[in-house]
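The basis for the numbers below is simple: all heavy atoms, side chains too, and nothing from hydrogens, waters or symmetry mates. Order of listing sets the numbers, starting from 1, for every ligand and every atom in it.
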Amino acid sequence: MQEITDKAHTLLKSRYLLEDVKSHSLESPEQMFSRVAVAVGNAEKNYRTHQSKSFWEGRFFELMRNYLFLPNSTTLINAGKPFQQLCACFVLPVSDDKAAMDECMRVSAMIQENSGGTGYDLSGLNPRGETTLKGESYKGPIDFIRQIDSLTEIIMKPGRRKGANMGALHVSHPDIEEFVNAKVSGSDFQNFNISVGITDEFMQAMFQDKVFELIHPESGEVIRKIPAKYLWKSIVRQAWWNGDPGILFLDEINRHNPTPSLGRITGTNPCGEVPLLPYEACNLGSLNLAKMVALPFSKSSFINWKKLGETVNTAIRFLDNVIDVNNYPIPQIEFMAKGNRKVGLGVMGWADMLIRLGIPYTSNEAIELASKIMKFIKEKSWNASFDLALEREPFPNWEKSIYYPMQPLRNATCTAIAPTGSISFLAEVSPSIEPLFTLNNRQEYQLKNQTPQSLNPALESILTSRGLYSKGIIDRICAEGKLKNIPGLPEDLKELFKTAQEVPFQIHLKHQLAFQNHTDNAISKTINLPESATMTEVDWAFKMAWYGGAKGVTVYRNRSKEHQPFESIDGQ
Ligand code: ADP
């Protein structure tokens, strides 16, 4: 097993390992993986397979223990518990009806108490201030966010991570301007990400400088007309100001909706990587790309495609099993989740893989490899899902899906790229497809300054092998977090270890688009910008994302929030 460092162990202990009432761990990391493997392996009992249940439990254990693949935190935390909610991502319907609203709050609380994240499309809510038939006033989308935000605050348990929510609002909703400005200060609605659902029609109106109609969600009446460019600029300004709102490109999402006959997708899970229909849920897992490099850090390094392919195959089976053994908070969610059987296999350690191969994140070679790797993962996961469809059955809604009749699949979606905010720390690799955030912060991020800063391990090993390791250099890197201004270091190293702030936003986007091209769901990626970035750059980034076929886009300008998102794990 990969050696578990103190920082990973601290995280495991605080969040994942089973504990008694006095907070003493009742299991070792190995026992945790075994608990998860057995719980997920239990699904094998439902099917007649060539291999035994214990064979698959062994494979699942091996994958996790060797950090080749990790399921999302919710699965690691809850597997084997009496109520095993293993999915991290849910989208719930929202309406003005009082009973429906109470139900939405109740189910949200259940999901969040079990470490899941909830997304909502708020576009069906009546505009704020409008009068109901009973003479009361509708409270509108922002009030809904306020209520769920407070709920999340109450549910948060000490030591556990904060809950996470996503509120999406269609660009034509009459309250859209208020929504865009809902998070003016970094302290507003800290448990919420907000996204504007943008359509191609709006983009065209914006490019052609036309007015755009704000429409009443219930009556369909045009309430107001505003210049599309004006609204676009407000979105850009706010995103530049503090990162929120993000954008969802609804038409692109729906061009890839596998089950359009079940409805149009208008919401996503909290971090945006899984567009879902109301009541749908999705379970995630991520491949550790850093582990797929043979002879790392050498001139002869190469990708072990066979190992990657085999890992994908087992990981898809694992995620499909999760759907069966998962406990769902309410029958509607179980019905939807089991009808489409969506899973989201993604990646972590992409930046570390590139470093191990000696390829700078900023190079064309990296972008080409991004495409090649994700294409491979998508094909292998579809093959695995196809095999499962034969062995088990295609997902129940398959006949209503875009795959019918040519392509039997067990899962309506197979891939999604999650942020891997916590599991990449357990695996001690760079998160998701992000470049390295800094070269010194890993322990700081994890333990909130409780331990001294340490150097990125890959950098440490390269500096040592090239005879560049000296106390002076290390101290300077630890102080600055990047190599850029440090004299005496070769240019190729400075290029290879560029951090997120040094990577131009166009390159961030190219990575996102290269992966998106071969991902069934979406990508959670932050387009990092330096503090000095202008609104024009945010405007470009958003337009490039739309042109390039992104399903959503989020920017983050350095220091634009009161609390840096990478500062502490509780602040995710
Ligand atoms: P992890 O690394 O813990 O497995 P990710 O950072 O990859 O999780 O996030 C994946 C998904 O898990 C998110 O899109 C969201 O649906 C859910 N999630 C993330 N953070 C939280 C949180 N703090 N509370 C509840 N759900 C969360």
Where ligand 1 meets [X] - atom numbers and elements under 4.0 angstrom, heavy-atom basis:
X      : value
Cys271 : 13 (C), 14 (O)
Gly116 : 25 (C), 26 (N)
Ser115 : 25 (C), 26 (N)
Gly117 : 25 (C), 26 (N)
Asn72  : 4 (O)
Leu284 : 10 (C), 11 (C)

Is Glu280 reaching over with its side chain to a backbone N or O of Leu277, donor-acceptor style, under 3.5 angstrom? yes
Are any side-chain N or O atoms of Asn326 and backbone N or O atoms of Asn283, one a donor and one an acceptor, separated by less than 3.5 Å? no
Quick one: does [X] get an N or O within less than 3.5 Å of an N or O on ligand 1?
X      : answer
Pro71  : no
Tyr16  : no
Gly272 : no
Ser422 : yes
Gly421 : yes
Ala88  : yes

Quick one, Pro245 and Ser195 - any side-chain contact, counting heavy atoms below 4.5 Å? no
Who's closest to atom 16 (O) of ligand 1 heavy-atom-wise, of Pro270, Gly285, Ala418? Pro270
Which option out of Met348, Gln112, Glu273 puts a heavy atom nearest to atom 10 (C) of ligand 1? Glu273
Salt bridge present between [X] and [Y] (N-O < 4.0 angstrom):
X      : Y      : result
Lys13  : Asp6   : no
Lys183 : Asp188 : no
Arg255 : Glu252 : yes
Arg106 : Glu103 : yes

May I ask you to check whether Arg410 and Ser385 show a side-chain donor-acceptor distance below 3.5 Å? no
A quick test of your reading: do over 12 heavy atoms of other residues, nucleotides or ligands sit less than 6.0 Å from NZ of Lys375? no
